[in-house]
Amino acid sequence: MGSVFTKENIGDMLDRAIEQGDIIAYYQPKYDVITGKVTGSEALARWKNSDGGLYPPDSFIPLLESNGLVTRLDWYMLEVVCRFIRKQIDMKVHKVPVSVNFSRLHTSEDNFIEHICGIVDKYNIPHKYIEAEITESALARDGNIISFIDEIRKCGFSVAIDDFGSGLSSLNFVKDVPANVLKIDKSLLSGNCENEKERIVLESIFNFAKRLKLITVAEGVETKEQLGFLRTCGCETIQGFFFSKPLPESEYSALCSNSPEETDTEDILLTQPAASATQLLLDAIFMCYPLVIMSNLSKNSFYMMVYENFSTCSCPSTGVYTELIVHGAATMHPDDAALFSDTFKIDDQIAAYNRGERTRSVITRQLGDDGIYRRVESTNYYVKNPASDDILAITLSKALE
């Protein structure tokens, strides 16, 4: 059957469909990756046809976007979601946040904040139950996106970056965007995550999301193998056909009614995946050692993680290891600079490792960002890269006073 929508008629048909109640919401649940509990959902627009069926979204969404009419649909969907949540509140049904999609076109609306607050407040709904989903493409196309998202969050709404990984400029923007949630695009999950490069990319995304304190949602999860891999990565939430397809309101409401309220976990180490347990260990390490450097001595490279309470944050975060040592020596007390440089010479460390040395430690006086010298202990732990013959050094540093 050919599409009944055209650029010429889509506007009138949308107005008529909204008036007649033919635009409805389907809810695709989001599940906690460990407990399997429903933690939220995404509201998806569906358009009823005269035969009682549904028009596929790709038959009308692209047309609405090209005509600039998708904002009309977005605002109507927010109304539909608010009416539904209001019913849940009145019926004392277990409630979870619902995500509503907002096109990048909304970023140019002068009264967006007043509009979203006006609709939600009209139904007397706590703002925490509404999450605004904004596509990754909006990050690159709109220079005001950071302030736009910041204003939404100031009003108590959560913000999710949708389709992360589908564009080319993801990492360039996400570090600066003050969002709450990062939704990993389903295109990054091919097959059963058997491709090694794919797994490396996904593991990296979940690691940096954790560091940026972003909640992660994996979209398009369809197999138990995908779920198993995501659990090892520390992914927190999944959305996809493995657990549930998008549901009409009645079925989703029944699902929420049968879902227990969130309770405290009896033993976090019994329910957390291996990657999350490892993160707990790392968090404990960082409490004692606020500077951690991962170095490949064989490749003369490094990656640094600096936490808030270290004496200085002036060192580069990644780059050439020998240049890092030169930079570090320059921050030391003049009487300690040579000691620091000699201790961490690459060739000497590699030779020491080959002789059986596995640790090396030095105490120096380092100039802090506040202009005060403090005694700092730096210890290198040497290991072999299990995938190659490269010699790696893990540096743990802490101020002694």
Side-chain angles (χ1 to χ4, degrees), residues 10-11 13-30 39-48 54-55 57 60-65 67-91 93 95-135 137-138 142 145 148-163 179-181 183 217 239 246-250 252-253 256:
I10 189 71
M13 292 188 71
L14 176 64
D15 291 338
R16 191 179 313 117
I18 289 176
E19 182 179 343
Q20 296 175 351
D22 290 335
I23 303 293
I24 59 176
Y26 268 52
Y27 298 86
Q28 184 160 30
K30 302 173 187 176
T39 60
S41 68
E42 178 183 0
L44 303 169
R46 296 293 185 260
W47 191 323
K48 294 191 296 185
L54 300 173
Y55 292 116
F60 61 90
I61 295 292
L63 278 174
L64 292 174
E65 288 179 335
N67 281 4
L69 297 172
V70 71
T71 57
R72 172 93 166 91
L73 175 65
D74 294 344
W75 288 124
Y76 178 72
M77 285 295 296
L78 179 60
E79 288 267 3
V80 172
V81 168
C82 286
R83 287 199 293 265
F84 169 65
I85 295 177
R86 184 68 254 167
K87 284 194 292 186
Q88 286 189 306
I89 293 174
D90 294 341
M91 295 171 62
V93 173
K95 302 168 293 299
V96 290
V98 178
S99 301
V100 179
N101 289 284
F102 287 96
S103 164
R104 62 183 178 81
L105 298 177
H106 289 285
T107 60
S108 61
E109 292 182 345
D110 294 334
N111 64 339
F112 179 86
I113 298 300
E114 292 79 3
H115 201 166
I116 189 173
C117 290
I119 292 176
V120 177
D121 293 345
K122 180 173 67 174
Y123 293 93
N124 195 25
I125 294 172
H127 290 191
K128 66 180 181 179
Y129 289 120
I130 297 294
E131 181 173 86
E133 282 201 18
I134 300 171
T135 59
S137 61
D142 194 293
I145 191 67
F148 177 75
I149 291 177
D150 192 48
E151 289 300 315
I152 297 174
R153 288 196 59 185
K154 285 179 180 178
C155 293
F157 300 105
S158 174
V159 176
I161 302 303
D162 196 16
D163 300 332
N180 307 84
V181 179
K183 298 191 70 177
V217 180
Q239 184 178 5
L247 302 173
E249 182 181 304
S250 59
Y252 176 66
S253 183
C256 290

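Computation of the quantities below employed the complete heavy-atom set of this structure, encompassing side-chain atoms and omitting hydrogens, waters and symmetry-equivalent molecules. The residues of the chain are indexed from 1 along the displayed sequence.
- Here OG1 of Thr39 is found 9.0 Å from CD of Gln239. Values are rounded to the nearest 0.5 Å.
- Closest approach of Tyr55 to Lys48, counting heavy atoms only: CE1-O, 3.9 Å.
- By the 4.5 Å heavy-atom criterion applied to side chains, Pro246 and Glu42 are not counted as neighbours.
- The two residues Trp75 and His115 make their nearest non-hydrogen contact at CE2-ND1, 3.3 Å.
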Ile85/Ile130 under side chain to side chain contact (heavy atoms under 4.5 Å, CB included): CA gap, chis, key distance, verdict
CA-CA 9 Å; Ile85 295 177; Ile130 297 294; 3.8 Å; yes
Can you list the steps and then say if Leu105 with Glu65 is a side chain to side chain contact (heavy atoms under 4.5 Å, CB included)?
CA-CA 9 Å; Leu105 298 177; Glu65 288 179 335; 5.8 Å; no
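- Summarising the geometry, atom CD1 belonging to Ile134 is positioned 5.0 Å from atom CZ belonging to Phe148; distances are rounded to the nearest 0.5 Å.
- The minimum heavy-atom distance between Ile119 and Cys82, with the atom names listed, is CG2-SG, 4.1 Å.
- Defined by atom type and a distance below 3.5 Å, a donor-acceptor pair is present between the side-chain atoms of Ser99 and Lys30.
- The side-chain heavy atoms of Leu78 and Val120, taken from C-beta on, include a pair separated by under 4.5 Å.
- Across every non-hydrogen atom of Gly11 and Leu69, the tightest pair is CA-CD1, 3.5 Å.
- For the pair Cys155 and Ile113, the tightest heavy-atom approach, listed with the atom from each and the gap, is SG-CG2, 3.5 Å.
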Side chain to side chain contact (heavy atoms under 4.5 Å, CB included) for Thr107 and Phe102? Distances and angles first, verdict last.
CA-CA 9 Å; Thr107 60; Phe102 287 96; over 6 Å; no
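- Scanning both residues, Gly21 and Tyr76, for their nearest heavy atoms gives CA-OH, 4.3 Å.
- Looking at Ser158 and Val181, their side chains come closer than 4.5 Å, going by heavy atoms from C-beta outward.
- Asp22 places no side-chain N or O within donor-acceptor distance of the main-chain N or O of Trp47, the cut-off being under 3.5 Å.
- Annotation: side chain of Ile145 is not in contact with side chain of Arg104 (no heavy-atom distance under 4.5 Å).
- In the displayed structure, Asp90 atom CG is contacted under 6.0 Å by more than 12 heavy atoms of other residues, nucleotides or ligands.
- Using a 4.5 Å heavy-atom cutoff, the side chains of Ile10 and Leu64 are in contact.
- Here Glu131 contributes atom CD and Asn101 contributes atom CG; the two are 10.0 Å apart, rounded to the nearest 0.5 Å.
- Between the CZ atom of Arg83 and the CD1 atom of Ile125 there is a distance of 10.5 Å, given to the nearest 0.5 Å.
- Separating the CD1 atom in Ile116 from the CZ atom in Phe157 is a distance of 4.5 Å, to the nearest 0.5 Å.
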Set out, in order, the CA-CA distance, both residues' side-chain angles and the distance that settles salt bridge (Lys or Arg N to Asp or Glu O under 4.0 Å) for Glu19 and Arg16, then state yes or no.
CA-CA 5 Å; Glu19 182 179 343; Arg16 191 179 313 117; over 6 Å; no
If you apply the rule side chain to side chain contact (heavy atoms under 4.5 Å, CB included), what do you find for Leu73 with Ile18, and how did you get there?
CA-CA 9 Å; Leu73 175 65; Ile18 289 176; 5.6 Å; no
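- Separation of atoms CZ (Arg46) and CZ (Phe60) is listed at 7.0 Å; rounding is to 0.5 Å.
- Looking only at side-chain heavy atoms (C-beta outward), Pro126 and Ile89 come within less than 4.5 Å of each other.
- With a 4.5 Å cut-off on side-chain heavy atoms, Leu44 and Met77 do not count as touching.
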